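Below is one structure, written out as structure tokens; the observations come after it.
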2 protein chains.
Amino acid sequence: MNVRLQNPRQGSFSFDLEHGAEPDPMRYDDTHKQHTRQRLLQASAAVLKAQGFSATGVDRLMQAAGLSGGALYAYYPSKNALLAAVVENEVLSGHSRLTPERGSVTESLRHLLRQYLSLSHVQHPELGCLLPALAAELSRAPQDVQALLDRANELFVAHWAPRLGSRTDAQFLITQLVGSVLLARMSNDPERQREILNASKQKLTDMFLAPGRLPEPV
Amino acid sequence: MNVRLQNPRQGSFSFDLEHGAEPDPMRYDDTHKQHTRQRLLQASAAVLKAQGFSATGVDRLMQAAGLSGGALYAYYPSKNALLAAVVENEVLSGHSRLTPERGSVTESLRHLLRQYLSLSHVQHPELGCLLPALAAELSRAPQDVQALLDRANELFVAHWAPRLGSRTDAQFLITQLVGSVLLARMSNDPERQREILNASKQKLTDMFLAPGRLPEPV
DNA sequence: GTCTATACTACGATAGAC
DNA sequence: GTCTATCGTAGTATAGAC
């Protein structure tokens, strides 16, 4: 099911997230295909986040990567398999983008709130987090995709739980972040969007950045 | 654009939310069509919430109301117009379903949390709130629909703001509610779903139902 | 590895019978 | 008011040339 590797490699290549066999026994020592695959993943991620999964055809997805529609099936056996790969890619890169691992807890939490709860995040879904952008479609995704989402959620919670004090706090935080961007996007009034974002920013700051709440000083 | 009413009527009938003219000049004194319209609204709301908008064809929507696909266009000029009508209908009925207007603030907030943050809400989107069920698709909906969503949001915020103390608190609450159900649905592990719901329930209870926080006694 | 062409299905919407 | 039939388009996926 998985392609045999001729060169040793770091990550996992399992794109066989829900389907049976890989149709194309192409060797993996070809770097061209790997680069194109990466371009495909990023380009289609942007389109998917902007337009949604069901509403976007394969042609549109591939066009964004500079390829024709039929070329998809040299990489993935189906549109659904591409989604799974995009989710995996986005969810990992998104996490590292938002949690810098450097600086104090206070600093990195402030950073997270400022970035995630920004107007520009609301107004540019194609550049932002996958979760609010694909929201309900992910809640109907096949098991394999949902398992990836569980891992992503766990990554976030495991990161923030010790920093905030409990898993409950960390879970509450991520929920509020995703909900805020989602609700803000449901409005087309920037004033309303701002109100929604600011409500979250203010209350989360009160909760987690109040003096004495966190280990380090402000 | 709007059909002339031969009998006086209570509500507004404006389904012309984004389109030009009503194609069918049928009279509104026919109660059959009104009842069927209501059935259509409720049936398609359930299907839309379960399957999503783009992923569901007109045939499937009408079938749920016991009608053939073509019959839609005797009621609405397009699939999009049906969505607008469903959103209007759901958003108003959803609000009154969740805010009983009876009992103390403490009681009704407890009621809201118990209902909205329940496992059964997570596992039965077709019976639940429209917002997490159509989530991102609503964030891409046409202006008319988003204006309805603004009104719905405002209804909720205006209701809870005086009861919780501020608009900020009310806005924070609705955001957390929608986000919780959405994130819980992205998992297919009931244990994970429960963790997400409980984190929200617990923190929101701490925030808004702590002794002395609200006017009335517990 | 990618394209063009195409098979097949589904879609949204309209026309006309009843 | 509703159905059946149908038009035109767009969808996913495959086949075969290069």
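Computed from a predicted model, the values in this text were never measured in an experiment. Numbered from 1 within each chain, the chains take letters A, B, ... in sequence-line order.
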Any [X] side-chain nitrogen or oxygen under 4.0 Å from OP1 or OP2 of [N]:
X: A/Lys33; N: C/dG1; value: no
X: A/Thr36; N: C/dT2; value: yes
X: B/Tyr73; N: C/dT14; value: no

Side chain of A/Tyr75 - closest among D/dG1, C/dT2, C/dC3: C/dT2
A/Leu67 side chain, from C-beta outward: closest of C/dG12, D/dC3, C/dC3: C/dC3
Side chain proximity check, A/Met62 to A/Ser68, heavy atoms < 4.5 angstrom: no
B/His32 side chain reached by B/Thr36 side chain, heavy atoms, under 4.5 Å: yes
Spacing of [X] atom [atom1] relative to [N] atom [atom2], expressed in whole Å:
X: B/Tyr76; N: C/dG12; atom1: OH; atom2: C1'; answer: 17 Å
X: B/Leu82; N: C/dA13; atom1: CG; atom2: P; answer: 10 Å
X: B/Leu61; N: C/dA13; atom1: CG; atom2: C1'; answer: 14 Å
X: A/Arg60; N: D/dT12; atom1: CZ; atom2: C1'; answer: 17 Å
X: B/Asn80; N: C/dC11; atom1: CG; atom2: C1'; answer: 13 Å
X: B/Gln63; N: D/dT4; atom1: CD; atom2: C1'; answer: 16 Å
X: B/Phe53; N: C/dG12; atom1: CZ; atom2: C1'; answer: 10 Å
X: A/Asp59; N: D/dA10; atom1: CG; atom2: C1'; answer: 9 Å

Aromatic ring pairing B/Phe172/A/Phe172, orientation class (parallel under 30°, perpendicular over 60°, tilted between): tilted
Touch class at under 4.0 angstrom, heavy-atom based, for B/Thr56 against every strand present: sugar-phosphate
Face-on cation placement of A/Arg37 at A/Tyr76 ring, 6.0 Å and 45° thresholds: yes
Pair B/Arg140 + B/Glu137: basic N to acidic O under 4.0 Å: no
